[in-house]
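Note on naming: letters A, B, ... go to the chains in the order of the sequence lines (proteins, then strands), and numbering restarts at 1 for each one.
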Amino acid sequence: MSATTSTFIRVPASYARYDVDTTVTAGLLGLPDGEAGELATTHLPYVRDPGRGPLFDHADVVNLALFHSNTGCTVPDLALRFLLRFATAPQSTWYEPRWWLVRVCPPPALLDRARDGSAQLSIEPADLAAPGVVPLDAPDAAALRQARPTAKAILPPGYEVAVRITGAEATVHDGRARGLYQEMVDALAGGAVTYQSVNEGLRARHREAWQLGMADCVVASRLLADRLRDAGLTARARRGYLLGLVGSDHAWCELYEDDHWKPMDLAFAFLASGGSGTRRINATPEFVAACCGSRFNRLLPGQAPDALPLVHLDGEPAPPWLPVAVSAHPGEAR
Amino acid sequence: MTSEISTVSATVRALIQRNLDTPALLDLIADDVDLVAAGVNSGEMIRVALACENYLGRQLSDTELSRMTSVREIATVLGTDLGA
């Protein structure tokens, strides 16, 4: 790994949550524990716990993986690459009706605590009334489930939904909205703001995160929604799952125009047009254009407003190193 | 792994197993069962997908990536001529 450390912004201590140990760090960096610990303590702020050793902020570790491997083969790198592979598929496949069986499974470590009453775990349900999202009829849902069995029941607050998601090709016409959107894409592409992992504490202070020079999909979507509303437009930030190899937490902004909500996805646009190095995805100009108004058939929004976290533990955002597992099974739409 | 729960290639299972934090977990998962719901985490699925690309020597398509939800589906993506 490169020894360079200037390519991302560390989480300021006042917002950091130092609770990721070297084992989790090693998994994210794709290195043995000892090597990962040495690399992380060299390049990241940390606190030392007498029992667990050095503890890091999860976002810092993810960024170390993203910015310093130069291999494109760390888990965060690969997740981006695989989940956005659809951008290279024919354009019609972005919008055509697609069936999805989605299972959201809490990790056993959290589920056990929830079930013995030592912690309260909550997961935002899917927004089945979202534009383009339609629950499957019972026979179709049953057929989809039968073809993709589970070894054990999915326990609440985990859930399973079978939906048809239909995309829509559209563009944002409002000049103010397009200007604000492009301004933020340019800030990311030009490096004034670094697209990187941001922890939940700073996501909640998205304006401050942007001023610090860092943004992820949540920060960008919340800030764009703010700016659109400040300009007198109707906008909202959404958060849900990007479906593909797995379901991945993702956020985007939506503008209400022409009597419907049009997604404006700064993260996709940046990664497709301005992402650098191993994080750049191969995408056509048509895909970049589609990020400003079109709705893709693989985004399942949650019900939480303002792109708030999808999973809470005792009223706080759940630890990111214990993510819910989200399986996404495509089916043949009829 | 018991022979009752798997009819797909041992090569495919070995490829998946090498990319799990707890390889023994796969011994408990039948061919058609949802891997993620059975406890395979997203990081492991991502490593499995990379291993499949390396095995095939090419990028997987979006369609192939999306269908990789069970041992059998992964075997299908990798082809059926792998032998047991």
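- Between A/F296 and A/F287, the angle of the ring planes stays under 30°, which puts this pair in the parallel group of the 30/60° scheme.
- At a 4.5 Å heavy-atom cutoff, the contact between A/A79 and chain B is made by backbone and side-chain atoms alike.
- Interface residue A/V326: only backbone heavy atoms are found under 4.5 Å from chain B.
- Within the 4.5 Å cutoff, side-chain heavy atoms of A/V133 are placed close to those of A/P301.
- Ranked by heavy-atom pairs under 4.5 Å with chain B, the first of A/P149, A/A147, A/C105, A/A325 is A/P149.
- Neither the backbone nor the side chain of B/E64 comes within less than 4.5 Å of any heavy atom of chain A.
- Note on B/D21, B/N41, B/L60: by heavy-atom pairs under 4.5 Å with chain A, the leading option is B/L60.
- For CZ of A/R52, the number of neighbouring non-hydrogen atoms (other residues, nucleotides, ligands) closer than 6.0 Å is greater than 12.
- Of the residues A/R103, A/R145, A/K152, A/R148, the one that meets the side chain to side chain donor-acceptor pair (under 3.5 Å) test with B/D34 is A/R103.
- Taking chain A as the reference chain and counting heavy-atom pairs below 4.5 Å, the highest number among B/E44, B/M45, B/Q59 is found for B/Q59.
- Side chain of B/R13 to backbone of B/L26: a donor-acceptor contact under 3.5 angstrom is found.
- Neither the backbone nor the side chain of B/S70 comes within contact range of chain A; no heavy atoms are under 4.5 Å apart.
- Taking 4.5 Å as the limit, every side-chain heavy atom of A/V24 sits out of range of all side-chain heavy atoms of A/V61.
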